[in-house]
Amino acid sequence: MVAMAVIIFGFWNVPVVRNFINPLKLFAIGWHELCHISAAILTGGRILKITIDPHVGGATIVEGGSPWFTLSAGYIGSTLLGGVFILGGWDTLVAKVMSFVLGVGLVLPLVLVRDKLTILLTICYEALLIGFWFIDHAQALRWYCLFVGVMKYVSKINFLYTRRLTFSKHPLWDVADDRFFHKTNDSDATQFSILFPRISAHVWAAFWIFFQLGALASFSILGIFAFKVRNRKLTSFVVTNSVGSLQLTR
């Protein structure tokens with residue numbers, strides 16, 4: 001997973017190369033925005049505008065609702081979905097189920113995107129998704145889901161206006177944008193610090209980083225024990241029964 005994280009970070013930031021993962025970036029951004037939209041609506045907010053871009057991220061303009069709940073929903077929702085995709089990396093059945101989520105999630109953002117290259121790449125990613133079902137009993141599909149799951153934890157920066165909620169996938173990149181790249185928009189960490197003035201943006205960033213790392217470790221451990229250990233026990237049971245049958249036959 002560490003190797004995947006390094007590869008994703010490179011693909012997400014290197015010019016030209018980053019265009020090749022636009023469909024996956026749109027899926028990550030789209031889900032993140034959907035979590036904020038859902039939270040805003042549930043708390044009585046009104047959605048004024050939504051934008052999604054694979055290079056600058058997504059933006060959702062919200063009026064009303066609960067600010068802290070709406071802000072938190074993006075981090076929590078993205079983290080949980082990424083965790084389920086990671087579980088798909090350990091179990092074929094979970095990977096198959098999540099492939100339908102990914103299949104739909106790759107297509108839906110195209111409603112707001114007109115870039116021809118992105119549309120073409122989306123078709124290619126969908127073709128890979130279908131093809132992986134038939135490679136080595138869908139074992140390749142597990143790696144696909146694991147890649148998407150890891151990507152959810154190392155996704156690049158999205159920004160946030162004071163009254164326009166643009167939500168990022170990883171607060172570390174938010175702080176980098178604020179301090180080193182001098183982006184004009186506030187980050188999620190900065191917005192939380194405005195909402196709760198006694199806590200600085202750096203503290204919020206550290207909190208969400210540890211939250212995501214903890215979730216990543218938890219889902220990985222869950223996958224190992226829930227699926228790998230179980231599969232070993234089932235294999236041992238089958239082998240034992242097979243030997244017993246041979247002895248009975250004799």
Side-chain angles (χ1 to χ4, degrees), residues 1-2 4-6 8-10 12-13 25 28-45 47 50-53 55-86 149-222:
M1 286 193 292
V2 174
M4 283 186 177
V6 173
I8 291 168
F9 181 80
W12 205 293
N13 292 282
K25 291 166 71 174
I29 294 168
W31 173 260
H32 200 93
E33 297 301 324
L34 180 61
C35 291
H36 288 290
I37 292 168
S38 301
I41 293 174
L42 286 174
T43 56
I47 309 303
I50 305 168
T51 60
I52 296 177
D53 186 278
H55 303 303
V56 299
T60 302
I61 303 176
V62 178
E63 182 180 78
S66 172
W68 72 268
F69 184 73
T70 304
L71 276 171
S72 301
Y75 287 120
I76 295 173
S78 292
T79 300
L80 291 177
L81 183 67
V84 179
F85 269 104
I86 285 176
V150 173
M151 186 193 68
K152 297 290 289 183
Y153 288 91
V154 293
S155 301
K156 197 181 175 287
I157 317 143
N158 283 320
F159 301 101
L160 163 139
Y161 289 98
T162 301
R163 299 187 68 178
R164 299 180 187 181
L165 301 179
T166 309
F167 306 97
S168 69
K169 260 56 75 196
H170 204 302
L172 176 61
W173 315 143
D174 284 346
V175 174
D177 267 339
D178 287 346
R179 301 299 178 185
F180 304 115
F181 299 111
H182 306 294
K183 298 294 186 179
T184 57
N185 304 328
D186 290 335
S187 68
D188 257 4
T190 300
Q191 188 65 15
F192 269 109
S193 69
I194 294 173
L195 199 59
F196 302 97
R198 294 186 178 183
I199 306 175
S200 70
H202 291 87
V203 173
W204 280 112
F207 170 77
W208 288 112
I209 289 171
F210 282 113
F211 172 79
Q212 293 185 33
L213 289 175
L216 175 61
S218 298
F219 277 107
S220 299
I221 294 171
L222 178 62

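When reading the values below, keep in mind they use all heavy atoms of this one structure, side chains included, and skip hydrogens, waters and symmetry mates.
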Nearest non-hydrogen partners of [X] and [Y], listed with the distance:
{"X": "H36", "Y": "A73", "answer": "CE1-C, 4.3 Å"}
{"X": "G74", "Y": "H32", "answer": "O-CE1, 3.0 Å"}
{"X": "S66", "Y": "T70", "answer": "O-OG1, 2.7 Å"}
{"X": "I52", "Y": "G30", "answer": "CD1-CA, 3.9 Å"}
{"X": "M151", "Y": "A28", "answer": "CE-CB, 4.0 Å"}
{"X": "S200", "Y": "S193", "answer": "C-CB, 3.8 Å"}

Drop me the distance from [X]'s [atom1] to [Y]'s [atom2], to the nearest 0.5 angstrom.
{"X": "L195", "Y": "W204", "atom1": "CG", "atom2": "CH2", "value": "8.0 Å"}
{"X": "I199", "Y": "I194", "atom1": "CD1", "atom2": "CD1", "value": "13.5 Å"}
{"X": "L216", "Y": "I221", "atom1": "CG", "atom2": "CD1", "value": "9.5 Å"}
{"X": "F210", "Y": "L213", "atom1": "CZ", "atom2": "CG", "value": "7.0 Å"}

Legend entry - Qualifying residues under side chain to side chain donor-acceptor pair (under 3.5 Å), relative to S38, sequence neighbours excluded: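 If we apply the side chain to side chain donor-acceptor pair (under 3.5 Å) test to S38, skipping adjacent residues, there are no hits.
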Legend entry - Which residues share a ring-ring contact (aromatic ring centres under 6.0 Å, His included) with F207, sequence neighbours left out: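 With neighbours one apart ignored, the set is empty.
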Inset, instruction - Please list, chain by chain and in numerical order, all residues satisfying ring-ring contact (aromatic ring centres under 6.0 Å, His included) with F69, sequence neighbours excluded. - result: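 Checked F69 against ring-ring contact (aromatic ring centres under 6.0 Å, His included); zero matches.
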Inset, instruction - Decide yes or no for F192 and S72: does some side-chain heavy atom of the first lie under 4.5 Å from some side-chain heavy atom of the second? - result: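 Yes, at least one pair of side-chain atoms sits under 4.5 Å.
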Legend entry - side-chain contact (heavy atoms from CB on, under 4.5 Å) partners of F211, counting only residues at least two apart: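 Testing F211 for side-chain contact (heavy atoms from CB on, under 4.5 Å), a comparison that skips the adjacent residues, returns I76, T79, W208.
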Inset, instruction - Taking side-chain contact (heavy atoms from CB on, under 4.5 Å) as the test, write out the residues that go with L42, two or more places apart. - result: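 L42 satisfies side-chain contact (heavy atoms from CB on, under 4.5 Å) with no residue once adjacent residues are dropped.
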Legend entry - Side-chain donor or acceptor of T43 paired with backbone N/O of A40 under 3.5 Å: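 Present.
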Inset, instruction - Please step through side chain to side chain contact (heavy atoms under 4.5 Å, CB included) for the pair V62 and I47, ending with a clear verdict. - result: CA-CA 5 Å; V62 178; I47 309 303; 4.0 Å; yes
